[in-house]
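Since the structure comes first, as structure tokens, the remarks are kept for the end.
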Amino acid sequence: MKRKSGQNPEITKNWKPATLAIRGGTARTEYGETSEALFLSSGYCYDRAEDAAARFAGEQQGMTYSRLQNPTVEMLEQRIALLEGAEACRATATGMAAMTAALLCQLSAGDHVVAAKAAFGSCRWLVDTLLPKFGIATTTIDGSDVAAWEAAAQPNTKVFFFETPANPTMDVVDIAAVCAIARARGITTVVDNAFASPALQRPMEFGADVVAYSATKMMDGQGRVLAGAICGSRDWIDNVLLPFHRNTGPTLSAFNAWVVLKGLETLDLRIRRQSENALKVAQFLETRLPKVLYPGLESHPQHALAMQQMDAAGPIFSLYVGGGRAEAHGLLNALELVDISNNIGDSRSLMTHPASTTHFGMAEEARLEVGITEDMLRLNVGLEDPDDVIADFDQALKTIGR
Ligand SMILES: *Cc1c(COP(=O)(O)O)cnc(C)c1O
């Protein structure tokens, strides 16, 4: 069963993304199972004591303990690395475990980090609260302003950290320009690519060093499990990330890895259809609301840049209903099909009010600074027929007089 292994680089190097999404990383057991095997085993046995010693010494290939390696998790890691075009990948239990590990593994007291202001709430907490607690200084800037990255860099800056498009204001960061500034100064760029996934945007093609994921979102894509992943060069993963990952243990469970492997098989299909649906819904909402922020719309201030970096704009966008919290909550409560839920990347249409949910923990001033107002909502457009989603918005908007 070795012949058709998705782990042989001689074979996988010619495969296109749709093929890699289904076969990349697959390693079959002697049973020749078609679907990936699920290895629910915390430990591994050795034929002889000398084999155990050799594996711990790194002289013999093989598994030792599932915090460190697991065959199902390794299949997922290889598949994500292949889709990303990265030399290596390490899976984590959640997206936040990935972001935390990707930052802490390379930072020490006295270092400095520059991060984009517009970011997932917990990513802002890492930058604003956790890192400073350990003596790591941080500066947050407008990530869409390329000159601001240059201006914020200091001699001790170790990391540039950003997501694009950013949650929930859909700011787009010029990946190539920001990574060029970082590279010239020996700064490592960490890109949170959760909103786009490797099916739409591969930051390493634009010079990113490390790409981190919430695989909970587009990769699982059906709202089932939490997972994360960190991609980088073989040298960075093995020598910078692994000592931290092995010893602190943010490891992904084999079961969740298996679910995400299944999710990846349909990632490309789902995200392209969801992007088409999102564009239709956004075009409709734009005719009824004061503002819709979707990089796929020509009205988005960075539409051209987004379309240069992304194959499509993805399933997520933000809308401003006008008025305040009463109108935003009113619209949410009037929807019959679209669920009130703060998850994204799901095949279901879901909508949330960031100011009172995902970004509730952020100071009001900081929220307003990045455009998270009381009348803002964030929508994930699913795989339902977009006409049904539009009809639901049509009836719900009327209840708030829009
Ligand atoms: C959801 C999300 C995260 C966190 O991922 P979890 O899997 O929920 O821990 C980080 N960054 C972005 C952009 C996200 O959307």
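All values derive from a computational prediction rather than experimental measurement. Positions are given from 1 along the sequence. In what follows, every heavy atom counts, from backbone to side chain, and hydrogens, waters and symmetry copies are set aside. Numbering of ligands and ligand atoms starts at 1, following listing order.
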Pick from Glu84, Met218, Met204: which one makes a side-chain contact (heavy atoms from CB on, under 4.5 Å) with Pro198? Glu84

Evaluation steps, side chain to side chain donor-acceptor pair (under 3.5 Å), between Thr19 and Arg23: CA-CA 6 Å; Thr19 310; Arg23 293 178 174 272; over 6 Å; no

Under 4.0 Å from a heavy atom of Thr94: which atoms of ligand 1 are those, numbered in the order shown and with their elements? 7 (O), 9 (O)

among protein heavy atoms, the one nearest atom 7 (O) of ligand 1 is Thr216 OG1, 2.6 Å

With a 4.0 Å heavy-atom cut-off (strictly under), which part of Met96 contacts ligand 1: side chain, backbone, both or neither? both

Please name the pair of heavy atoms, one in Thr248 and one in Phe244, separated by the smallest distance, quoted to 0.1 Å. OG1-O, 2.6 Å

Taking distance alone, with no angle check, do Phe120 and ligand 1 share an N/O pair under 3.5 Å? no

Could you list which atoms of ligand 1 come closer than 4.0 Å to a heavy atom of Gly95? 5 (O), 6 (P), 7 (O), 9 (O)

Min over Met99, Met218, Glu163, Lys217 of heavy-atom distance to atom 1 (C) of ligand 1 lands on Lys217

Evaluating non-hydrogen atoms only, which member of Leu226, Asp192, Asn167 is closest to atom 13 (C) of ligand 1? Asp192

Got a salt bridge between Arg288 and Asp394, using NZ or NE/NH1/NH2 to carboxylate O under 4.0 Å? yes

Subset of ligand 1 atoms that lie under 4.0 Å from at least one heavy atom of Phe195: 15 (O)

Which atoms of ligand 1 are found less than 4.0 Å from any heavy atom of Ile344? 15 (O)

Any salt bridge linking Lys262 with Glu265? Criterion: basic side-chain nitrogen under 4.0 Å from a carboxylate oxygen. yes

To the nearest 0.5 angstrom, please state how far the OG atom of Ser349 sits from the CG atom of Asn380. 6.5 Å

Any side-chain heavy atom of Leu350 sitting closer than 4.5 Å to one from Thr352? no

